[in-house]
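Reviewing the structure listed below.
Proteins get letters first, then strands, A, B, ... in listed order; numbering begins at 1 in each.
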Amino acid sequence: MPEAMGFFTDTTVCIGCKACEVACKEWNQLPAENGGVRELSGDSYDNTRKLDGIHWRHVRFIEQFKGPYDGRWLMMSDVCKHCVQAGCLEVCPTGAIIRTQFDTVVIQSDVCNGCRACIAACPFGVIDINPVSGTAQKCTLCYDRLQVGLEPACSKACPTDSIQFGTIAELRTRAEKRVAQLKSQGVDAQLYGADPKGPLGGLNSFYLLVDKPEVYGLPRHPELPTANLAKSGGLSVASAAVLGLLAIVGLRKRRMDEQSRGGTGNV
Amino acid sequence: MSDTFFSGAPHWTWLIILYFFVGGIAGGASLLAAVVDWFGGPEDRPVVRTGYNVAAVGALVSGALLTVDLGRPLRFWHMLFQSANFPAIMFKGWSPISFGAWGILLFGLFSVLAALGGMAEEGRLHNPALLAVGGAVRGGLAKLVGGVAGLFGVFIAGYTGVLLSVTNRPIWADGPWLGALFAASAVSGPAARGERAVPRATVGVRHQGTGTRAAPARAVSRVARIREPGLGRRVGRGAARGRRGPRDPRAAPATPAATAGGQRRQAGPARRLLVATRHDIRVRGNRALPRNGGDVA
(Lines give C-alpha, C1' and ligand atoms only; values in the text may rest on other atoms or scores of the structure.)
Protein backbone atom coordinates (compact mmCIF):
# COMPACT_ATOMS: atom_id res chain seq x y z
CA MET A 1 0.00 0.00 0.00
CA PRO A 2 1.37 3.39 -0.95
CA GLU A 3 2.21 6.02 1.62
CA ALA A 4 -0.24 8.76 2.61
CA MET A 5 0.01 11.57 0.05
CA GLY A 6 -1.10 15.16 0.27
CA PHE A 7 -0.44 18.86 -0.21
CA PHE A 8 1.55 21.32 1.83
CA THR A 9 0.51 24.85 0.85
CA ASP A 10 2.98 27.57 1.83
CA THR A 11 0.79 30.67 1.61
CA THR A 12 3.78 33.03 1.99
CA VAL A 13 4.99 32.33 -1.55
CA CYS A 14 1.59 32.30 -3.29
CA ILE A 15 1.37 35.13 -5.83
CA GLY A 16 -2.34 34.67 -6.63
CA CYS A 17 -1.78 33.75 -10.28
CA LYS A 18 -4.53 31.11 -10.18
CA ALA A 19 -2.57 28.75 -12.42
CA CYS A 20 -3.64 25.99 -10.04
CA GLU A 21 -7.32 26.85 -10.52
CA VAL A 22 -6.93 26.75 -14.29
CA ALA A 23 -4.89 23.53 -14.29
CA CYS A 24 -7.47 21.89 -12.03
CA LYS A 25 -10.37 22.92 -14.23
CA GLU A 26 -8.60 21.79 -17.39
CA TRP A 27 -7.47 18.42 -16.11
CA ASN A 28 -10.78 17.59 -14.48
CA GLN A 29 -12.81 19.06 -17.37
CA LEU A 30 -14.89 21.16 -15.03
CA PRO A 31 -17.54 23.32 -16.68
CA ALA A 32 -17.46 27.10 -16.75
CA GLU A 33 -19.69 28.98 -14.38
CA ASN A 34 -22.65 30.96 -15.69
CA GLY A 35 -22.08 29.75 -19.26
CA GLY A 36 -18.61 31.24 -19.28
CA VAL A 37 -19.81 34.77 -18.51
CA ARG A 38 -17.95 35.65 -15.36
CA GLU A 39 -19.64 37.97 -12.96
CA LEU A 40 -17.18 40.22 -11.16
CA SER A 41 -17.26 39.95 -7.41
CA GLY A 42 -17.11 43.73 -7.10
CA ASP A 43 -15.31 43.82 -3.77
CA SER A 44 -12.14 41.87 -4.50
CA TYR A 45 -9.66 41.07 -7.25
CA ASP A 46 -10.78 37.48 -6.66
CA ASN A 47 -13.80 36.59 -8.75
CA THR A 48 -14.00 32.86 -8.01
CA ARG A 49 -14.94 33.58 -4.38
CA LYS A 50 -15.32 30.03 -3.09
CA LEU A 51 -14.77 26.36 -3.59
CA ASP A 52 -17.75 24.49 -5.02
CA GLY A 53 -18.76 21.68 -7.33
CA ILE A 54 -17.05 23.21 -10.35
CA HIS A 55 -14.17 24.96 -8.54
CA TRP A 56 -12.05 22.35 -6.79
CA ARG A 57 -9.16 24.79 -6.33
CA HIS A 58 -9.65 28.38 -5.30
CA VAL A 59 -7.00 30.99 -4.63
CA ARG A 60 -8.38 33.02 -1.79
CA PHE A 61 -7.34 36.69 -1.72
CA ILE A 62 -7.34 38.27 1.72
CA GLU A 63 -7.01 41.96 1.13
CA GLN A 64 -5.94 43.60 4.39
CA PHE A 65 -5.74 47.34 3.70
CA LYS A 66 -5.94 50.05 6.32
CA GLY A 67 -5.19 52.92 3.93
CA PRO A 68 -4.01 53.51 0.36
CA TYR A 69 -0.35 52.90 1.20
CA ASP A 70 -0.62 50.56 4.14
CA GLY A 71 -1.65 46.96 3.75
CA ARG A 72 -0.98 43.49 2.46
CA TRP A 73 -2.42 40.72 0.38
CA LEU A 74 -2.60 37.27 1.88
CA MET A 75 -3.10 34.60 -0.74
CA MET A 76 -3.99 31.01 -0.12
CA SER A 77 -4.70 28.32 -2.67
CA ASP A 78 -7.54 26.49 -0.97
CA VAL A 79 -8.61 22.94 -1.68
CA CYS A 80 -10.21 19.90 -0.04
CA LYS A 81 -8.29 19.14 3.14
CA HIS A 82 -8.49 15.34 2.70
CA CYS A 83 -9.06 15.06 6.46
CA VAL A 84 -7.72 11.96 8.15
CA GLN A 85 -11.12 11.82 9.92
CA ALA A 86 -13.42 13.11 7.20
CA GLY A 87 -16.90 14.38 8.09
CA CYS A 88 -18.18 14.04 4.51
CA LEU A 89 -17.12 10.40 4.32
CA GLU A 90 -18.68 9.78 7.71
CA VAL A 91 -22.20 10.96 6.82
CA CYS A 92 -22.38 9.95 3.14
CA PRO A 93 -25.42 7.61 2.98
CA THR A 94 -24.62 6.05 -0.39
CA GLY A 95 -21.03 5.04 0.21
CA ALA A 96 -20.03 7.31 -2.67
CA ILE A 97 -17.27 8.94 -0.59
CA ILE A 98 -14.31 6.65 -0.08
CA ARG A 99 -10.81 6.76 1.33
CA THR A 100 -8.23 5.78 -1.25
CA GLN A 101 -4.96 3.88 -0.91
CA PHE A 102 -3.22 7.28 -0.85
CA ASP A 103 -5.20 8.24 2.31
CA THR A 104 -7.11 10.81 0.29
CA VAL A 105 -10.91 11.28 0.20
CA VAL A 106 -12.69 10.86 -3.13
CA ILE A 107 -16.37 11.18 -4.15
CA GLN A 108 -17.37 8.58 -6.72
CA SER A 109 -19.65 10.50 -9.04
CA ASP A 110 -21.37 7.38 -10.37
CA VAL A 111 -22.53 6.40 -6.88
CA CYS A 112 -23.46 9.82 -5.43
CA ASN A 113 -27.19 10.62 -5.65
CA GLY A 114 -26.93 14.29 -4.75
CA CYS A 115 -28.47 14.19 -1.26
CA ARG A 116 -26.02 16.92 -0.16
CA ALA A 117 -25.45 15.65 3.38
CA CYS A 118 -21.69 15.94 2.80
CA ILE A 119 -21.99 19.63 1.93
CA ALA A 120 -23.37 20.47 5.36
CA ALA A 121 -21.01 18.03 7.05
CA CYS A 122 -17.76 19.50 5.72
CA PRO A 123 -16.42 21.99 8.29
CA PHE A 124 -14.50 23.82 5.56
CA GLY A 125 -17.28 24.38 3.01
CA VAL A 126 -15.34 22.53 0.33
CA ILE A 127 -18.03 20.40 -1.32
CA ASP A 128 -20.92 21.51 -3.50
CA ILE A 129 -23.11 20.18 -6.28
CA ASN A 130 -21.77 20.16 -9.81
CA PRO A 131 -24.82 21.25 -11.80
CA VAL A 132 -23.73 19.21 -14.82
CA SER A 133 -23.59 15.87 -13.03
CA GLY A 134 -26.16 16.64 -10.32
CA THR A 135 -23.79 15.07 -7.82
CA ALA A 136 -21.58 16.45 -5.05
CA GLN A 137 -18.02 17.04 -6.21
CA LYS A 138 -14.70 18.26 -4.88
CA CYS A 139 -10.95 17.82 -5.30
CA THR A 140 -9.96 14.18 -5.78
CA LEU A 141 -6.27 15.00 -5.23
CA CYS A 142 -6.08 13.92 -8.88
CA TYR A 143 -6.76 10.30 -7.99
CA ASP A 144 -6.50 9.37 -11.67
CA ARG A 145 -3.03 10.97 -11.96
CA LEU A 146 -1.79 9.50 -8.68
CA GLN A 147 -2.66 6.00 -9.83
CA VAL A 148 -0.28 6.33 -12.77
CA GLY A 149 2.48 8.01 -10.79
CA LEU A 150 1.81 11.62 -11.82
CA GLU A 151 1.56 14.52 -9.40
CA PRO A 152 -1.74 16.45 -9.19
CA ALA A 153 -2.36 19.06 -11.88
CA CYS A 154 -2.44 22.04 -9.49
CA SER A 155 0.89 21.42 -7.78
CA LYS A 156 2.45 20.60 -11.15
CA ALA A 157 1.28 23.98 -12.47
CA CYS A 158 2.18 26.07 -9.41
CA PRO A 159 5.04 28.39 -10.53
CA THR A 160 6.25 29.30 -7.02
CA ASP A 161 5.94 25.89 -5.35
CA SER A 162 3.40 27.33 -2.96
CA ILE A 163 1.52 24.05 -3.49
CA GLN A 164 3.84 21.17 -2.75
CA PHE A 165 2.86 17.56 -3.29
CA GLY A 166 4.46 14.56 -1.64
CA THR A 167 4.21 12.03 1.13
CA ILE A 168 2.71 13.47 4.31
CA ALA A 169 5.78 12.54 6.36
CA GLU A 170 8.13 14.34 3.99
CA LEU A 171 5.85 17.38 3.65
CA ARG A 172 5.63 17.76 7.43
CA THR A 173 9.42 17.84 7.75
CA ARG A 174 9.63 20.40 4.97
CA ALA A 175 6.88 22.53 6.55
CA GLU A 176 8.52 22.59 9.97
CA LYS A 177 11.82 23.71 8.43
CA ARG A 178 10.02 26.50 6.59
CA VAL A 179 8.24 27.67 9.76
CA ALA A 180 11.56 27.76 11.64
CA GLN A 181 13.12 29.74 8.79
CA LEU A 182 10.28 32.28 8.73
CA LYS A 183 10.29 32.61 12.52
CA SER A 184 14.01 33.35 12.45
CA GLN A 185 13.14 36.21 10.07
CA GLY A 186 10.55 37.57 12.51
CA VAL A 187 7.49 36.31 10.64
CA ASP A 188 4.70 34.94 12.84
CA ALA A 189 4.22 31.72 10.88
CA GLN A 190 2.20 28.71 11.99
CA LEU A 191 1.08 25.44 10.49
CA TYR A 192 -2.60 24.60 10.15
CA GLY A 193 -3.67 20.96 10.05
CA ALA A 194 -0.19 19.45 10.18
CA ASP A 195 -0.59 17.94 13.65
CA PRO A 196 -1.78 14.30 13.52
CA LYS A 197 -2.96 14.72 17.13
CA GLY A 198 -4.87 17.89 16.22
CA PRO A 199 -8.45 18.31 14.99
CA LEU A 200 -9.77 15.62 12.60
CA GLY A 201 -6.61 13.58 13.07
CA GLY A 202 -4.68 16.03 10.93
CA LEU A 203 -5.32 17.25 7.40
CA ASN A 204 -3.63 15.64 4.42
CA SER A 205 -3.74 19.05 2.80
CA PHE A 206 -2.22 21.40 5.37
CA TYR A 207 -1.17 25.03 5.31
CA LEU A 208 1.43 27.50 6.48
CA LEU A 209 -0.36 30.65 7.62
CA VAL A 210 0.87 34.05 8.81
CA ASP A 211 -2.39 35.18 10.42
CA LYS A 212 -5.21 33.61 12.44
CA PRO A 213 -6.93 30.67 10.68
CA GLU A 214 -10.28 32.55 10.66
CA VAL A 215 -8.69 35.25 8.50
CA TYR A 216 -8.13 32.60 5.82
CA GLY A 217 -11.67 31.26 6.21
CA LEU A 218 -10.54 28.23 8.18
CA PRO A 219 -12.27 27.09 11.40
CA ARG A 220 -9.96 27.07 14.43
CA HIS A 221 -11.31 23.78 15.81
CA PRO A 222 -12.98 21.87 12.97
CA GLU A 223 -15.12 19.01 14.25
CA LEU A 224 -16.70 15.88 12.91
CA PRO A 225 -20.45 16.31 12.36
CA THR A 226 -21.16 13.22 14.48
CA ALA A 227 -19.84 15.05 17.56
CA ASN A 228 -23.51 15.96 18.19
CA LEU A 229 -25.00 12.57 17.38
CA ALA A 230 -25.18 10.90 20.80
CA LYS A 231 -26.43 13.94 22.68
CA SER A 232 -28.91 15.00 20.02
CA GLY A 233 -30.21 11.45 19.55
CA GLY A 234 -30.50 10.91 23.29
CA LEU A 235 -32.46 14.12 23.81
CA SER A 236 -34.81 13.24 20.93
CA VAL A 237 -35.50 9.81 22.37
CA ALA A 238 -36.05 11.33 25.82
CA SER A 239 -38.41 13.96 24.46
CA ALA A 240 -40.35 11.36 22.47
CA ALA A 241 -40.59 9.09 25.52
CA VAL A 242 -41.85 11.93 27.72
CA LEU A 243 -44.47 12.99 25.16
CA GLY A 244 -45.59 9.42 24.53
CA LEU A 245 -45.91 8.90 28.26
CA LEU A 246 -47.90 12.11 28.65
CA ALA A 247 -50.26 10.97 25.92
CA ILE A 248 -50.80 7.64 27.72
CA VAL A 249 -51.26 9.39 31.08
CA GLY A 250 -53.72 11.82 29.49
CA LEU A 251 -55.69 8.98 28.01
CA ARG A 252 -55.80 7.10 31.31
CA LYS A 253 -56.79 10.21 33.21
CA ARG A 254 -59.65 10.79 30.83
CA ARG A 255 -60.84 7.26 31.52
CA MET A 256 -60.69 7.73 35.27
CA ASP A 257 -62.50 11.08 35.03
CA GLU A 258 -65.26 9.43 33.05
CA GLN A 259 -65.51 6.60 35.52
CA SER A 260 -65.65 8.99 38.47
CA ARG A 261 -68.51 10.82 36.76
CA GLY A 262 -70.20 7.45 36.60
CA GLY A 263 -71.11 7.69 32.94
CA THR A 264 -70.26 5.59 29.99
CA GLY A 265 -68.34 8.45 28.57
CA ASN A 266 -71.26 10.45 27.21
CA VAL A 267 -70.91 14.00 28.39
CA MET B 1 -15.94 33.10 15.95
CA SER B 2 -17.94 29.88 15.80
CA ASP B 3 -16.27 27.03 13.98
CA THR B 4 -19.53 26.40 12.11
CA PHE B 5 -19.29 29.65 10.15
CA PHE B 6 -17.05 28.19 7.45
CA SER B 7 -19.25 25.37 6.18
CA GLY B 8 -21.38 25.50 3.04
CA ALA B 9 -25.18 25.50 2.69
CA PRO B 10 -26.59 22.15 1.52
CA HIS B 11 -29.42 23.77 -0.46
CA TRP B 12 -32.12 21.90 1.43
CA THR B 13 -34.82 24.31 0.41
CA TRP B 14 -38.60 24.25 0.10
CA LEU B 15 -39.01 20.57 -0.79
CA ILE B 16 -37.17 19.64 2.39
CA ILE B 17 -39.00 22.25 4.46
CA LEU B 18 -42.27 20.80 3.19
CA TYR B 19 -40.97 17.35 4.06
CA PHE B 20 -40.15 18.45 7.60
CA PHE B 21 -43.75 19.58 7.94
CA VAL B 22 -45.42 16.59 6.28
CA GLY B 23 -43.05 14.04 7.83
CA GLY B 24 -43.50 15.58 11.26
CA ILE B 25 -47.28 15.49 11.04
CA ALA B 26 -47.24 11.93 9.72
CA GLY B 27 -44.81 10.78 12.42
CA GLY B 28 -46.70 12.49 15.24
CA ALA B 29 -50.07 11.24 13.96
CA SER B 30 -48.67 7.73 13.79
CA LEU B 31 -47.36 7.85 17.36
CA LEU B 32 -50.61 9.24 18.76
CA ALA B 33 -52.70 6.78 16.76
CA ALA B 34 -50.59 3.94 18.12
CA VAL B 35 -50.90 5.23 21.70
CA VAL B 36 -54.68 5.50 21.38
CA ASP B 37 -54.76 2.13 19.60
CA TRP B 38 -52.95 0.45 22.47
CA PHE B 39 -54.37 2.33 25.43
CA GLY B 40 -57.72 3.64 24.21
CA GLY B 41 -61.11 1.97 23.98
CA PRO B 42 -63.36 0.84 21.12
CA GLU B 43 -64.92 4.31 20.92
CA ASP B 44 -61.51 5.64 19.93
CA ARG B 45 -61.20 3.53 16.77
CA PRO B 46 -62.08 6.39 14.38
CA VAL B 47 -59.24 8.45 15.81
CA VAL B 48 -56.86 5.54 15.45
CA ARG B 49 -57.85 4.94 11.85
CA THR B 50 -57.60 8.61 10.99
CA GLY B 51 -54.16 8.76 12.58
CA TYR B 52 -52.88 5.81 10.58
CA ASN B 53 -54.38 7.23 7.38
CA VAL B 54 -52.63 10.57 7.93
CA ALA B 55 -49.42 8.69 8.71
CA ALA B 56 -49.61 6.55 5.57
CA VAL B 57 -50.30 9.44 3.22
CA GLY B 58 -47.66 11.56 4.95
CA ALA B 59 -45.09 8.79 4.68
CA LEU B 60 -45.69 8.37 0.95
CA VAL B 61 -45.59 12.11 0.33
CA SER B 62 -42.40 12.38 2.43
CA GLY B 63 -40.68 9.70 0.39
CA ALA B 64 -41.69 11.42 -2.83
CA LEU B 65 -40.48 14.84 -1.64
CA LEU B 66 -37.12 13.49 -0.52
CA THR B 67 -36.60 11.57 -3.74
CA VAL B 68 -37.48 14.49 -5.99
CA ASP B 69 -35.11 16.71 -3.99
CA LEU B 70 -32.08 14.54 -4.80
CA GLY B 71 -29.61 15.72 -7.44
CA ARG B 72 -30.09 12.33 -9.11
CA PRO B 73 -33.55 11.12 -8.07
CA LEU B 74 -33.32 7.77 -9.88
CA ARG B 75 -30.37 6.87 -7.65
CA PHE B 76 -32.46 7.16 -4.48
CA TRP B 77 -31.95 3.43 -3.88
CA HIS B 78 -28.19 4.00 -3.50
CA MET B 79 -29.06 5.00 0.08
CA LEU B 80 -30.61 1.60 0.74
CA PHE B 81 -28.42 -0.81 -1.22
CA GLN B 82 -24.80 -0.70 -2.28
CA SER B 83 -25.09 0.38 -5.89
CA ALA B 84 -22.05 -1.55 -7.08
CA ASN B 85 -22.87 -4.57 -4.97
CA PHE B 86 -26.64 -4.98 -5.10
CA PRO B 87 -28.42 -6.33 -3.04
CA ALA B 88 -25.91 -5.75 -0.24
CA ILE B 89 -27.43 -3.37 2.29
CA MET B 90 -26.18 0.21 2.55
CA PHE B 91 -26.50 1.27 6.16
CA LYS B 92 -24.48 3.54 8.45
CA GLY B 93 -25.71 3.54 12.02
CA TRP B 94 -23.85 6.75 12.75
CA SER B 95 -25.19 8.75 9.80
CA PRO B 96 -28.73 10.12 10.36
CA ILE B 97 -29.39 10.46 6.65
CA SER B 98 -28.47 6.80 6.16
CA PHE B 99 -30.53 5.31 8.99
CA GLY B 100 -33.21 7.90 8.25
CA ALA B 101 -33.61 6.57 4.71
CA TRP B 102 -34.28 3.11 6.13
CA GLY B 103 -36.54 4.63 8.77
CA ILE B 104 -38.72 6.31 6.17
CA LEU B 105 -38.94 3.13 4.10
CA LEU B 106 -40.02 1.07 7.10
CA PHE B 107 -42.30 3.81 8.43
CA GLY B 108 -44.00 3.88 5.04
CA LEU B 109 -44.38 0.11 5.03
CA PHE B 110 -45.86 -0.17 8.51
CA SER B 111 -48.05 2.94 8.36
CA VAL B 112 -49.54 1.84 5.04
CA LEU B 113 -50.19 -1.62 6.48
CA ALA B 114 -51.81 -0.07 9.56
CA ALA B 115 -53.93 2.23 7.40
CA LEU B 116 -55.02 -0.68 5.17
CA GLY B 117 -55.95 -2.62 8.29
CA GLY B 118 -58.10 0.29 9.43
CA MET B 119 -59.75 0.62 6.03
CA ALA B 120 -60.51 -3.09 5.93
CA GLU B 121 -62.02 -2.74 9.39
CA GLU B 122 -64.37 -0.10 8.04
CA GLY B 123 -65.15 -2.19 4.97
CA ARG B 124 -63.87 0.42 2.59
CA LEU B 125 -61.44 -1.73 0.63
CA HIS B 126 -62.72 -3.20 -2.62
CA ASN B 127 -59.54 -3.96 -4.51
CA PRO B 128 -58.97 -7.69 -3.85
CA ALA B 129 -55.20 -7.35 -3.36
CA LEU B 130 -55.52 -4.44 -0.94
CA LEU B 131 -58.39 -6.19 0.82
CA ALA B 132 -56.25 -9.30 1.27
CA VAL B 133 -53.44 -7.25 2.83
CA GLY B 134 -55.76 -5.02 4.88
CA GLY B 135 -57.85 -7.95 6.00
CA ALA B 136 -54.78 -9.76 7.27
CA VAL B 137 -53.84 -6.80 9.47
CA ARG B 138 -56.36 -7.30 12.28
CA GLY B 139 -56.54 -8.15 15.93
CA GLY B 140 -53.18 -8.65 17.59
CA LEU B 141 -51.25 -8.27 14.37
CA ALA B 142 -52.94 -4.91 13.73
CA LYS B 143 -51.89 -3.72 17.18
CA LEU B 144 -48.34 -4.88 16.57
CA VAL B 145 -48.18 -3.25 13.13
CA GLY B 146 -49.68 -0.06 14.55
CA GLY B 147 -47.23 -0.06 17.44
CA VAL B 148 -44.26 -0.46 15.11
CA ALA B 149 -45.67 2.29 12.86
CA GLY B 150 -45.97 4.51 15.93
CA LEU B 151 -42.38 3.88 16.95
CA PHE B 152 -41.12 4.54 13.43
CA GLY B 153 -43.34 7.60 13.37
CA VAL B 154 -41.71 9.20 16.35
CA PHE B 155 -38.36 8.22 14.89
CA ILE B 156 -39.21 10.04 11.64
CA ALA B 157 -40.35 13.05 13.62
CA GLY B 158 -37.13 13.26 15.61
CA TYR B 159 -34.36 12.06 13.31
CA THR B 160 -34.67 15.05 10.98
CA GLY B 161 -33.68 17.33 13.83
CA VAL B 162 -30.80 15.02 14.71
CA LEU B 163 -29.79 15.08 11.04
CA LEU B 164 -29.55 18.86 11.12
CA SER B 165 -27.48 18.70 14.31
CA VAL B 166 -25.09 16.19 12.76
CA THR B 167 -23.63 18.76 10.37
CA ASN B 168 -21.27 21.66 10.70
CA ARG B 169 -23.85 24.36 9.96
CA PRO B 170 -24.41 27.41 12.18
CA ILE B 171 -27.30 27.06 14.68
CA TRP B 172 -28.16 23.51 13.51
CA ALA B 173 -24.92 22.09 14.85
CA ASP B 174 -24.37 24.62 17.62
CA GLY B 175 -26.55 22.70 20.06
CA PRO B 176 -28.07 19.23 20.50
CA TRP B 177 -31.71 20.32 20.90
CA LEU B 178 -33.10 20.25 17.35
CA GLY B 179 -34.02 16.56 17.44
CA ALA B 180 -35.93 16.96 20.70
CA LEU B 181 -37.66 20.07 19.35
CA PHE B 182 -38.69 18.32 16.14
CA ALA B 183 -40.08 15.35 18.06
CA ALA B 184 -42.02 17.57 20.46
CA SER B 185 -43.37 19.72 17.68
CA ALA B 186 -44.40 16.67 15.65
CA VAL B 187 -46.40 15.22 18.52
CA SER B 188 -48.09 18.47 19.51
CA GLY B 189 -49.17 19.39 15.97
CA PRO B 190 -51.25 16.28 15.31
CA ALA B 191 -52.50 16.41 18.90
CA ALA B 192 -53.96 19.80 18.07
CA ARG B 193 -55.38 18.35 14.89
CA GLY B 194 -56.81 15.40 16.78
CA GLU B 195 -59.06 17.89 18.55
CA ARG B 196 -60.53 18.96 15.27
CA ALA B 197 -60.61 15.59 13.64
CA VAL B 198 -62.52 13.86 16.36
CA PRO B 199 -65.91 15.60 16.31
CA ARG B 200 -66.35 14.54 12.71
CA ALA B 201 -64.59 11.27 13.00
CA THR B 202 -66.87 10.04 15.73
CA VAL B 203 -70.07 10.89 13.91
CA GLY B 204 -70.05 7.39 12.54
CA VAL B 205 -70.15 5.73 15.93
CA ARG B 206 -72.13 8.29 17.79
CA HIS B 207 -75.51 6.81 17.05
CA GLN B 208 -74.32 3.56 18.53
CA GLY B 209 -74.32 5.27 21.90
CA THR B 210 -70.57 5.39 22.41
CA GLY B 211 -69.87 8.91 21.26
CA THR B 212 -67.25 10.43 23.48
CA ARG B 213 -66.40 13.12 21.08
CA ALA B 214 -63.10 14.82 21.51
CA ALA B 215 -62.21 12.78 24.56
CA PRO B 216 -59.10 11.03 23.19
CA ALA B 217 -58.03 14.22 21.57
CA ARG B 218 -58.47 16.04 24.84
CA ALA B 219 -56.11 13.55 26.30
CA VAL B 220 -53.45 13.99 23.68
CA SER B 221 -53.90 17.74 23.57
CA ARG B 222 -52.76 17.86 27.15
CA VAL B 223 -49.40 17.12 25.64
CA ALA B 224 -49.74 20.15 23.43
CA ARG B 225 -50.86 22.31 26.28
CA ILE B 226 -47.92 21.36 28.38
CA ARG B 227 -45.45 22.09 25.65
CA GLU B 228 -47.00 25.16 24.18
CA PRO B 229 -49.54 26.88 26.44
CA GLY B 230 -50.82 29.24 23.76
CA LEU B 231 -51.49 26.41 21.34
CA GLY B 232 -53.11 24.37 24.06
CA ARG B 233 -55.53 27.13 25.01
CA ARG B 234 -56.78 27.51 21.52
CA VAL B 235 -57.02 23.81 21.10
CA GLY B 236 -58.89 23.68 24.39
CA ARG B 237 -61.64 25.83 22.92
CA GLY B 238 -61.99 23.38 20.11
CA ALA B 239 -62.33 20.62 22.64
CA ALA B 240 -65.04 22.48 24.48
CA ARG B 241 -66.90 22.87 21.25
CA GLY B 242 -66.51 19.20 20.56
CA ARG B 243 -67.91 18.36 23.97
CA ARG B 244 -71.04 20.40 23.50
CA GLY B 245 -71.98 18.99 20.15
CA PRO B 246 -70.98 18.56 16.57
CA ARG B 247 -69.84 21.68 14.85
CA ASP B 248 -71.62 20.73 11.72
CA PRO B 249 -75.37 20.57 12.43
CA ARG B 250 -75.96 18.43 9.36
CA ALA B 251 -73.92 15.68 10.93
CA ALA B 252 -76.03 15.58 14.06
CA PRO B 253 -78.99 13.36 13.17
CA ALA B 254 -78.05 9.78 13.75
CA THR B 255 -79.56 8.54 10.52
CA PRO B 256 -77.89 6.08 8.20
CA ALA B 257 -77.42 8.87 5.71
CA ALA B 258 -75.56 10.97 8.26
CA THR B 259 -73.43 8.02 9.18
CA ALA B 260 -72.52 7.41 5.60
CA GLY B 261 -71.73 11.08 5.22
CA GLY B 262 -69.51 10.93 8.24
CA GLN B 263 -67.67 7.99 6.88
CA ARG B 264 -67.26 9.58 3.53
CA ARG B 265 -65.57 12.50 5.19
CA GLN B 266 -63.35 10.18 7.05
CA ALA B 267 -62.45 8.61 3.75
CA GLY B 268 -60.03 11.35 2.79
CA PRO B 269 -56.80 11.32 4.75
CA ALA B 270 -55.31 13.76 2.28
CA ARG B 271 -58.18 16.12 2.90
CA ARG B 272 -57.78 15.67 6.63
CA LEU B 273 -54.09 16.47 6.34
CA LEU B 274 -54.99 19.57 4.40
CA VAL B 275 -57.52 20.62 7.02
CA ALA B 276 -54.96 19.93 9.67
CA THR B 277 -52.33 21.88 7.84
CA ARG B 278 -54.61 24.85 7.53
CA HIS B 279 -55.48 24.54 11.19
CA ASP B 280 -51.85 24.35 12.22
CA ILE B 281 -51.04 27.38 10.18
CA ARG B 282 -53.93 29.22 11.73
CA VAL B 283 -53.00 28.22 15.26
CA ARG B 284 -49.36 29.02 14.75
CA GLY B 285 -50.09 32.20 12.87
CA ASN B 286 -50.92 33.58 16.30
CA ARG B 287 -53.13 36.32 14.96
CA ALA B 288 -56.03 34.41 13.54
CA LEU B 289 -58.59 32.87 15.83
CA PRO B 290 -60.27 29.50 15.59
CA ARG B 291 -63.24 29.48 13.30
CA ASN B 292 -65.71 30.14 16.11
CA GLY B 293 -63.42 32.40 18.07
CA GLY B 294 -66.14 33.53 20.48
CA ASP B 295 -66.65 30.04 21.80
CA VAL B 296 -64.79 30.06 25.09
CA ALA B 297 -64.35 27.01 27.23
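By the neighbour-count criterion of 12 heavy atoms within 6.0 Å, atom CG of A/Asn34 is densely surrounded, having more than that number from other residues, nucleotides or ligands. Within 6.0 Å of the CG atom in B/Leu18, the count of heavy atoms belonging to other residues, nucleotides or ligands exceeds 12.
Between A/Ala120 and B/Thr167, the shortest heavy-atom distance links the atoms O-CB, 3.5 Å. The shortest heavy-atom contact between B/Val35 and A/Leu251 is O-CD2, 3.9 Å. Across all their heavy atoms, A/Asp110 and B/His78 have their closest contact at O-CE1, 3.7 Å. Closest non-hydrogen pair, A/Arg254 versus B/Glu43, comes out as NH1-OE2, 3.3 Å. B/Pro96 and A/Leu229 get closest at one heavy-atom pair: CG-CD1, 4.1 Å. B/Leu32 approaches A/Ala247 most closely through the heavy-atom pair CD2-CB, 4.1 Å.
Here A/Asn228 contributes atom CG and B/Leu163 contributes atom CG; the two are 12.0 Å apart, rounded to the nearest 0.5 Å. Annotation: the span from B/Ser185 atom OG to A/Leu243 atom CG amounts to 10.0 Å, rounded to 0.5 Å. Atom NE2 in B/His11 sits 5.0 Å away from atom CD1 in A/Ile119 (nearest 0.5 Å).
Residues of residues 230-240 of chain A lying under 4.5 angstrom from chain B, judged on non-hydrogen atoms, are A/Lys231, A/Ser232, A/Gly233, A/Leu235, A/Ser236, A/Ser239, A/Ala240 by number. At a heavy-atom cut-off of under 4.5 Å, chain B is reached by A/Glu214, A/Gly217, A/Leu218, A/Pro219, A/Arg220, A/His221 from residues 199-221 of chain A, listed in order of number. The interface of residues 94-106 of chain A with chain B, defined by heavy-atom distances below 4.5 Å, comprises A/Thr94, A/Gly95.
Contact tally against chain A (heavy-atom pairs below 4.5 Å) for B/Gly41, B/Gly150, B/Ala34: the top residue is B/Gly41. Chain B forms the most heavy-atom pairs under 4.5 Å with one residue out of A/Pro123, A/Ala121, A/Gly114, and that residue is A/Pro123. Counting heavy-atom pairs closer than 4.5 Å to chain B, the top residue among A/Ala117, A/Pro222, A/Gly244 is A/Ala117. Your options are B/Leu74, B/Leu178, B/Leu80, B/Val166, and the one with the most heavy-atom pairs under 4.5 Å with chain A is B/Val166. Between chain A and the options B/Phe5, B/Trp12, B/Phe182, B/Phe76, the largest number of non-hydrogen pairs under 4.5 Å is found for B/Trp12.
Interface residue B/Ser83: only side-chain heavy atoms are found under 4.5 Å from chain A. Contacts between B/Trp77 and chain A at a heavy-atom distance below 4.5 Å are absent for every atom of the residue. For A/Cys118, no part sits under 4.5 Å from any heavy atom of chain B, backbone or side chain. Both the backbone and the side chain of B/Ala173 come within less than 4.5 Å of a heavy atom in chain A.
Side chain of B/Arg72 to main chain of A/Thr135: no donor-acceptor pair is present (N/O by atom type, distance under 3.5 Å, no hydrogens or angles). A donor-acceptor contact shorter than 3.5 Å is absent between the side chain of B/Asn168 and the backbone of A/Cys122.
By the 4.5 Å heavy-atom criterion applied to side chains, A/Arg116 and B/Asp69 are counted as neighbours. Side-chain contact check for B/Thr4 versus A/Glu223: every heavy-atom pair is 4.5 Å or farther apart. Counting only heavy atoms from C-beta outward, the side chains of A/Cys115 and B/Ile97 approach each other to under 4.5 Å.
Each side chain to side chain donor-acceptor pair (under 3.5 Å) pair with one or both residues in residues 89-104 of chain B, not counting sequence neighbours, would appear here, but there are none.
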